[in-house]
Amino acid sequence: MNTTDSNEIARRYALLQVASSRYGKSFQDLGVQEQDEVERIALKQTELQSLILSSAEARSVVIQPELISRAIESVKARYANEHEFLQALEEHDLELSSFKDIIIRETRVETVLDKISAGVEPYSETDARIFYYLHPEKFWRPETREASHILVTINPDFPENTREQAFQRLDEIAKRL
């Protein structure tokens, strides 16, 4: 299987995983916005896996067959029975053999990440909190808001809701935006 096929199969499996873990549904049962979100996450996940697997550390990773078997059984255990598991694979245009390839890929990624992080000193929650308080700029983002419309009412019974006041408020809002 070439890298392009491998990435496409990994993406399809990621769709299944993300939809299930995030929404508890199959990808096909999601709404359009949910599907878009799941697709973005799955694509990013697949790209990251490809980068990890193309690293120098990945070349020396060897995966034991029993580790693959345990990982496969762990995924199957998430389904009520074998039929539901196979049906989920079929819905995402995956075969059992490609599923095994995906599990090998994911296990390789996890092993590479474990290998890379083995040299990193463990840190405590206290260490993380100290870092957070010493570097707040790394965790700050400007506030963003989204609006589909802004309602300004007109009611001549109230002096603050006259037509002139409404237009003035609209001009002020437009300038701020």
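One-based numbering along the sequence shown. As the structure is a computational prediction, the values presented were derived from the model and not from experiment.
Pairing each heavy atom of Leu170 with each of Val152, the nearest pair is CD2-CG2, 3.6 Å. Residues Ile116 and Val120 come closest through the heavy atom pair O-CG2, 4.2 Å.
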CA sep, side-chain torsions, deciding dist, call: Tyr13, Ile103, side chain to side chain contact (heavy atoms under 4.5 Å, CB included): CA-CA 10 Å; Tyr13 183 67; Ile103 295 300; 4.2 Å; yes
Can Thr46 and Arg12 be said to form a side-chain hydrogen bond (donor to acceptor under 3.5 Å, both in side chains), step by step? CA-CA 9 Å; Thr46 305; Arg12 289 196 315 256; over 6 Å; no
Evaluate the side chain to side chain contact (heavy atoms under 4.5 Å, CB included) criterion for residues Gln87 and His83: first the C-alpha distance (whole Å), next the side-chain angles of each, then the deciding distance (0.1 Å), finally the verdict. CA-CA 6 Å; Gln87 186 177 7; His83 176 72; 3.8 Å; yes
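To the nearest 0.5 Å, the span separating CD on Gln49 from CD on Glu106 amounts to 5.5 Å. With rounding to the nearest 0.5 Å, the separation of CG in Leu30 from CD in Gln35 is 5.5 Å. Taken to the nearest 0.5 Å, the CG atom of Leu16 stands 8.5 Å off from the CD atom of Gln28. In this structure, the separation between CD1 on Ile52 and CG on Leu113 is 4.0 Å, given to the nearest 0.5 Å.
In the hydrophobic clustering of ILVMFWY residues, with side-chain heavy atoms under 4.5 Å counting as a link, Ile72 and Leu67 come out together. Hydrophobic clustering (ILVMFWY, side-chain heavy atoms < 4.5 Å, transitive): Phe99 and Leu53 are in one cluster. When the side chains of ILVMFWY residues are joined at heavy-atom separations under 4.5 Å, either directly or via intervening members, Val109 and Ile102 end up in a single hydrophobic cluster. In this structure, Val75 is a member of the same hydrophobic cluster as Ile63, with clusters built from ILVMFWY side-chain heavy atoms closer than 4.5 Å. Taken together through direct or relayed side-chain contacts under 4.5 Å among Ile, Leu, Val, Met, Phe, Trp and Tyr, Val112 and Leu51 form parts of separate hydrophobic clusters.
The environment of NZ in Lys76 is crowded: more than 12 heavy-atom neighbours from other residues, nucleotides or ligands sit within 6.0 Å. Shown here is Glu95, whose CD atom has no more than 12 heavy atoms of other residues, nucleotides or ligands within 6.0 Å. The neighbour count for Gln33 CD, taken as heavy atoms of other residues, nucleotides or ligands under 6.0 Å away, does not exceed 12.
Residues Asn81 and Glu84 meet the side-chain proximity criterion, which asks for heavy atoms closer than 4.5 Å. Side-chain atoms of Asn7 and Arg105, non-hydrogen and from C-beta on, do get closer than 4.5 Å to each other. Using a 4.5 Å cut-off on side-chain heavy atoms (C-beta onward), Ile9 and Asp101 make no contact.
Ser21 places a side-chain N or O within donor-acceptor distance of the main-chain N or O of Gln17, the cut-off being under 3.5 Å. With hydrogens and angles ignored, the 3.5 Å screen pairs no side-chain donor or acceptor of Glu91 with any backbone N or O of Ser26. Of the possible polar contacts, none joining the Gln165 side chain to the Thr162 backbone as a donor-acceptor pair under 3.5 Å is found. Checked by atom type and distance alone, the side chain of Glu39 never pairs as donor or acceptor with a backbone atom of Leu15 at under 3.5 Å.
Using a 4.0 Å cut-off between charged side-chain N and carboxylate O, Arg11 and Glu8 make a salt bridge.
The aromatic rings of Tyr132 and Phe139 are tilted relative to each other, their planes meeting at an angle between 30° and 60°.
Thr153 and Arg169 form no side-chain donor-acceptor contact under 3.5 Å, judged by distance and modelled atom types alone.
The ring-ring contact (aromatic ring centres under 6.0 Å, His included) contacts involving residues 55-81 comprise Tyr79-Phe85, where partners must be two or more places apart or lie in separate chains. Sequence neighbours left out, not one pair with a member in residues 157-177 passes ring-ring contact (aromatic ring centres under 6.0 Å, His included). Applying the side chain to side chain donor-acceptor pair (under 3.5 Å) rule to pairs touching residues 107-126 yields Ser60-Lys115, Ser124-Asp127, Glu125-Arg129, sequence neighbours excluded.
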